[in-house]
Student: 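First, the structure itself, so that you have it in front of you.
Sequence lines set the chain letters: A, B, ... in the order given, protein chains first and strands last, and positions in each chain run from 1. Since the model is a prediction, treat every value here as computed from it, not as a measurement.
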Amino acid sequence: MLTINLIREKKDFIIERLNVKNFKAEEIIERILALDSSRREIQSKTDNMQAEMNQISREIGILMKNGKKEEAEAAKAKTYSLKEEIKLLSDKIVPIDIDLKNEIVRLPNLPHESVAGGHGADDNVKVRQGGVIPQLSVTALPHWDLIKKNNIIDFDLGIKLTGAGFPVYLGKGAKLERALINFFLDEGSKAGYREVMPPIVVNEDSGFGTGQLPDKEGQMYHANLDNFYLIPTAEVPVTNIYRDVILNAEMLPLKNIAYTPCFRREAGSWGAHVRGLNRLHQFDKVEIVRIDHPDHSYESLTEMVNHVENLVSKLELPYRILKLCGGDMSFTSALTYDFEVWSAAQKRWLEVSSVSNFESFQANRLKCRFKEKGEKQTRLVHTLNGSALALPRIVAAILENNQTESGIKIPKVLIPYTGFDLIN
RNA sequence: GGAGAGAUGGCAGAGUGGUCGAAUGCGGCGGUCUCGAAAACCGUUGUUCGCCUUCCGGCGAACCGGGGGUUCGAAUCCCCCUCUCUCCGCCA
């Protein structure tokens with residue numbers, strides 16, 4: 001959520017920047033500014049009337065104390081019409097506030113100044129590429145066939161238990177999953193992230209805080225009876241730890257890492273490219289979440305990108321890093337780098353991580369602020385997060401890229417975690 | 001699920017209709033003392049919004065779990081909701 005101050009002061013700048021996200025902001029902003037100025041006008045008036053009212057009440061209190069009943073009654077008489085006026089005016093503020101918030105919440109975050117325009121994935125900029133793309137034999141199999149052959153994940157069983165997109169990991173498949181989770185968490189700890197195990201269902205306030213609600217309601221599973229949502233990413237509970245919190249500047253940065261299962265309804269997104277592990281309703285992910293000082297958040301973003309790059313390198317996966325164009329960036333993000341790994345049998349890149357700086361956009365929703373030592377004024381923090389990493393597509397790439405005549409080779413760094421070096 | 005108690009500032013904890021944004025203690029910050037530190041003492045210490053101000057800041061409004069009501073006036077009275085705790089039941 002953009003701050004009302006910014007909208008008041010930099011209207012044209014906002015319109016120009018949101019244009020990069022292909023978002024036409026002009027009308028919304030005009031409505032916001034109109035609502036904002038009438039709100040301020042009304043508030044000024046009611047504040048003054050209320051001050052008068054408070055003054056009279058105080059006087060009545062003193063009169064009563066001194067036993068001057070008649071004078072008190074006379075003073076009371078003065079309040080009736082004033083009270084009515086205040087009520088009339090302040091009632092007008094309520095719907096204006098609601099409209100105002102509804103409009104502000106519709107504005108996406110401003111893209112960072114370095115973000116270029118564009119309409120979709122084709123306009124993303126490749127930052128760099130690493131690793132070696134393996135040349136597989138003609139008999140090489142896509143991961144869903146390898147999975148079946150080795151009986152390490154059972155999709156049909158998941159359908160029986162729950163439905164499509166809820167796979168059951170078995171034997172070495174389950175162990176590989178657990179190994180990856182532990183590897184990612186350990187790497188995070190080494191990099192100074194605090195490990196967190198949050199709830200995986202959250203309330204409505206948390207959903208609002210990170211920007212899933214109200215708009216992306218359809219993407220989350222909802223437990224109606226309790227009005228809880230299954231988390232689509234650990235970002236939601238972990239970032240919301242800092243909802244309604246005022247931090248001291250010297251506490252920053254706060255670095256957290258969490259493994260959670262993630263749940264996504266993915267309504268309407270099923271098609272040709274979602275076979276096997278490519279897209280699931282439930283999947284495992286390790287997420288890094290940072291709360292940062294605004295002056296250092298872009299250095300942090302770079303540090304996070306390096307961390308994720310280190311992970312895919314250690315797993316010996318060919319990868320590329322993309323800087324997203326305005327049109328492909330999420331509603332809440334100011335700058336996003338996507339990581340993709342090469343899936344050698346499908347012969348395509350799979351997105352495995354998205355590392356973003358949200359600047360103060362989430363912080364404003366969360367009301368997460370900080371204070372510089374000795375200063376009275378609060379400022380909004382910057383929030384950042386990134387997958388480090390999302391598991392299913394990593395598993396898909398490992399299976400496909402590492403297949404040999406004798407079986408699927410486990411990357412060296414994972415062997416201490418799996419306890420085996422081959423799936424066959 | 002049944003019965004009861006409660007929700008006050010960073011924390012603890014007073015306050016049951018009238019200058020109460022709220023006593024007191026602890027913590028935090030600043031100072032005195034000290035070579036330095038501790039102790040002691042003094043001072044200070046919430047957030048949001050509006051108006052004014054070049055800065056420092058000033059003035060006003062709101063906030064004692066959330067929402068509504070009574071009243072000239074509500075932390076205090078009434079109603080609804082949420083949450084927490086205790087006991088019982090059930091239970092990984």
Student: If you measure from the C1' atom in B/C64 to the same atom in B/A7, how many Å do you get, rounded?
Tutor: 10 Å
Student: Donor-acceptor pair, A/T302 side chain versus A/Y298 backbone, under 3.5 Å?
Tutor: yes
Student: For B/U86, give its Watson-Crick or G-U wobble partner with both distances under 3.5 Å, or none.
Tutor: B/A3
Student: Do the non-hydrogen side-chain atoms of A/Y337 and A/L301 ever get within less than 4.5 Å of each other?
Tutor: yes
Student: Between P on B/C49 and CE on A/M49, what's the gap in Å once rounded to a whole number?
Tutor: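 After rounding, the gap between these two atoms is 22 Å.
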Student: Starting from the C-alpha separation in whole Å, work towards a yes-or-no answer on side chain to side chain contact (heavy atoms under 4.5 Å, CB included) for A/I291 and A/L384.
Tutor: CA-CA 7 Å; A/I291 309 293; A/L384 304 91; over 6 Å; no
Student: Using only side-chain N and O atoms of A/R40, determine if any of them is under 4.0 Å from OP1 or OP2 of B/C51.
Tutor: yes
Student: For B/A92, what is the paired nucleotide under Watson-Crick or G-U wobble rules, both distances under 3.5 Å?
Tutor: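 Base-paired to nothing in any strand shown.
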Student: Report the base-pairing partner of B/G9 (Watson-Crick or G-U wobble, both distances below 3.5 angstrom), or none.
Tutor: none
Student: Would you kindly compare A/N48 and A/G61 by the position of their nearest RNA chain B nucleotide and give the one closer to the 5′ end?
Tutor: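 On the 5' side of the pair lies A/G61.
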Student: Under 4.0 Å between a side-chain N/O of A/R369 and OP1 or OP2 of B/U47, yes or no?
Tutor: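 It does not, given that no N or O in the side chain of A/R369 lies less than 4.0 Å from OP1 or OP2 of B/U47.
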Student: Using only side-chain N and O atoms of A/T378, determine if any of them is under 4.0 Å from OP1 or OP2 of B/U48.
Tutor: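 Answer yes for this pair, as a side-chain N or O of A/T378 is under 4.0 Å from OP1 or OP2.
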Student: Counting only heavy atoms not in A/K216, do more than 12 sit closer than 6.0 Å to its NZ atom?
Tutor: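 Count over threshold, so yes.
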Student: Considering only the C1' atoms, how many Å lie between B/G69 and B/G31, rounded to the nearest integer?
Tutor: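 It works out to 49 Å between them.
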Student: Who is the Watson-Crick or G-U wobble partner of B/U76, with both distances under 3.5 Å?
Tutor: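 The base-pairing partner of B/U76, which may sit in any strand shown, does not exist here.
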Student: Would you indicate, yes or no, if B/A61 has its OP1 or OP2 atom less than 4.0 angstrom from a side-chain nitrogen or oxygen of A/Q43?
Tutor: no
Student: Identify whether any heavy atom of A/T79 sits under 4.0 Å from a base atom; if not, whether one sits that close to sugar-phosphate; answer base, sugar-phosphate or nothing.
Tutor: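 The answer is sugar-phosphate, as A/T79 gets under 4.0 Å only of primed atoms, P, OP1 or OP2.
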Student: For the side chain of A/N357 and the backbone of A/E359, is there at least one donor-acceptor N/O pair under 3.5 Å apart?
Tutor: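 Checking the backbone N and O of A/E359 against the side chain of A/N357, a donor-acceptor pair under 3.5 Å is found.
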Student: For B/U48 and A/K367 - does any side-chain N or O of the residue sit under 4.0 Å from the phosphate oxygens OP1/OP2?
Tutor: no
Student: Nearest to the A/M64 side chain among B/G50, B/C72, B/A62, which nucleotide is it?
Tutor: B/C72
Student: Is a donor on one side and an acceptor on the other found under 3.5 Å between the side chain of A/R393 and the backbone of A/E351?
Tutor: yes
Student: Please tell me if the side chains of A/Y319 and A/L350 come closer than 4.5 Å, counting only heavy atoms from C-beta onward.
Tutor: no
Student: Looking only at atom P, what distance separates B/C26 and B/C83, rounded to whole Å?
Tutor: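 Between the two P atoms, the distance is 36 Å.
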Student: I need the NZ-C1' distance between A/K87 and B/G69, as an integer number of Å.
Tutor: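 After rounding, the gap between these two atoms is 10 Å.
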Student: Can you tell me the base-pairing partner of B/C35? Count Watson-Crick or G-U wobble geometry only, both distances below 3.5 Å, and say none if there is no partner.
Tutor: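 Partner of B/C35: none found under 3.5 Å.
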Student: Could you tell me the separation between the CG atom of A/N248 and the P atom of B/U47, rounded to a whole number of Å?
Tutor: 11 Å
Student: From CD of A/Q377 over to P of B/G57, roughly how many Å is that when rounded to an integer?
Tutor: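 Those two atoms, CD and P, are 10 Å apart.
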Student: With a 3.5 Å limit on both atom pairs, tell me what B/G65 is paired to, counting Watson-Crick and G-U wobble, or say none.
Tutor: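 Paired with B/G65, as far as the under-3.5 Å criterion goes, is B/C81.
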Student: Send over the distance from A/I86 CD1 to B/U71 C1', rounded to a whole Å.
Tutor: 14 Å
Student: Could you check whether any side-chain heavy atom of A/N124 comes within less than 4.5 Å of a side-chain heavy atom of A/K323, counting everything from C-beta outward?
Tutor: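 A/N124 vs A/K323: side chains apart.
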Student: With rounding to whole Å, what would you report as the distance between B/C51 and B/C41 at their P atoms?
Tutor: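 Roughly 45 Å separates the two P atoms.
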Student: Can you identify which nucleotide, out of B/U48, B/G18, B/U47, has its nearest atom closest to the A/I60 side chain?
Tutor: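 Selected nucleotide (nearest to the side chain): B/G18.
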Student: Distance between the C1' atoms of B/C91 and B/G66, in whole angstroms?
Tutor: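 B/C91 and B/G66 have their C1' atoms separated by 32 Å.
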Student: So which one's nearest nucleotide on RNA chain B is more toward 5', A/S44 or A/A75?
Tutor: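 Residue closer to the 5' terminus by nearest nucleotide: A/S44.
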Student: Describe the nucleic acid contact of A/I246 in one word from base, sugar-phosphate, nothing, applying a heavy-atom distance below 4.0 Å.
Tutor: sugar-phosphate
Student: Can you tell me the distance, in whole Å, between the CG atom of A/L100 and the P atom of B/C49?
Tutor: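 After rounding, the reported distance stands at 12 Å.
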Student: Paired with B/C29 by Watson-Crick or G-U wobble geometry, both distances under 3.5 Å: which nucleotide is it?
Tutor: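 B/G43 is the nucleotide pairing with B/C29.
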Student: What nucleotide among B/A62, B/G69, B/C72 has an atom nearest to a side-chain atom of A/Y80?
Tutor: B/C72
Student: Once you round it to whole Å, what is the distance between C1' of B/C51 and CD of A/E41?
Tutor: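 To the nearest whole Å, that distance equals 13 Å.
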Student: Taking atom C1' of B/U19 as reference, at what distance in whole Å does atom CE of A/M53 sit?
Tutor: 16 Å
Student: Please determine whether a side-chain nitrogen or oxygen atom of A/R8 lies at a distance below 4.0 Å from atom OP1 or OP2 of B/G50.
Tutor: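 For A/R8, the contact criterion (side-chain N or O under 4.0 Å from OP1 or OP2 of B/G50) is met.
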Student: If the P atom of B/U32 is compared with that of B/A37, how far apart are they to the nearest Å?
Tutor: 11 Å
Student: At under 4.0 Å between heavy atoms, what does A/K371 touch on the DNA or RNA strands: base, sugar-phosphate, or nothing?
Tutor: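 Sugar-phosphate, backbone atoms only, no base.
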Student: Can a side chain N or O of A/N54 be found less than 4.0 Å away from OP1 or OP2 on B/G73?
Tutor: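 Answer is no, no contact under 4.0 Å.
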Student: Both distances below 3.5 Å, Watson-Crick or wobble geometry, any strand: find the nucleotide opposite B/C51.
Tutor: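 With both distances under 3.5 Å, B/C51 matches B/G58.
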Student: Rounding to the closest angstrom, what is the interatomic distance between B/G68 and B/A74 at atom P?
Tutor: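 That atom pair is separated by 14 Å.
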Student: Let's see if you can work this out: which of B/A61, B/G73, B/G46 has an atom nearest to the side-chain heavy atoms of A/K376?
Tutor: B/G46
Student: According to the interplanar angle, ranging from 0 to 90°, do the rings of A/Y229 and A/H222 count as parallel (below 30°), tilted (30 to 60°) or perpendicular (above 60°)?
Tutor: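 Answer is parallel, since the angle falls under 30°.
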Student: P atom, B/G17 versus B/U76: distance in rounded Å?
Tutor: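 It comes out at 12 Å once rounded to the nearest Å.
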Student: Which nucleotide in the list B/C49, B/A62, B/C72 gets nearest to the side chain of A/K76?
Tutor: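 Closest nucleotide among those given: B/C72.
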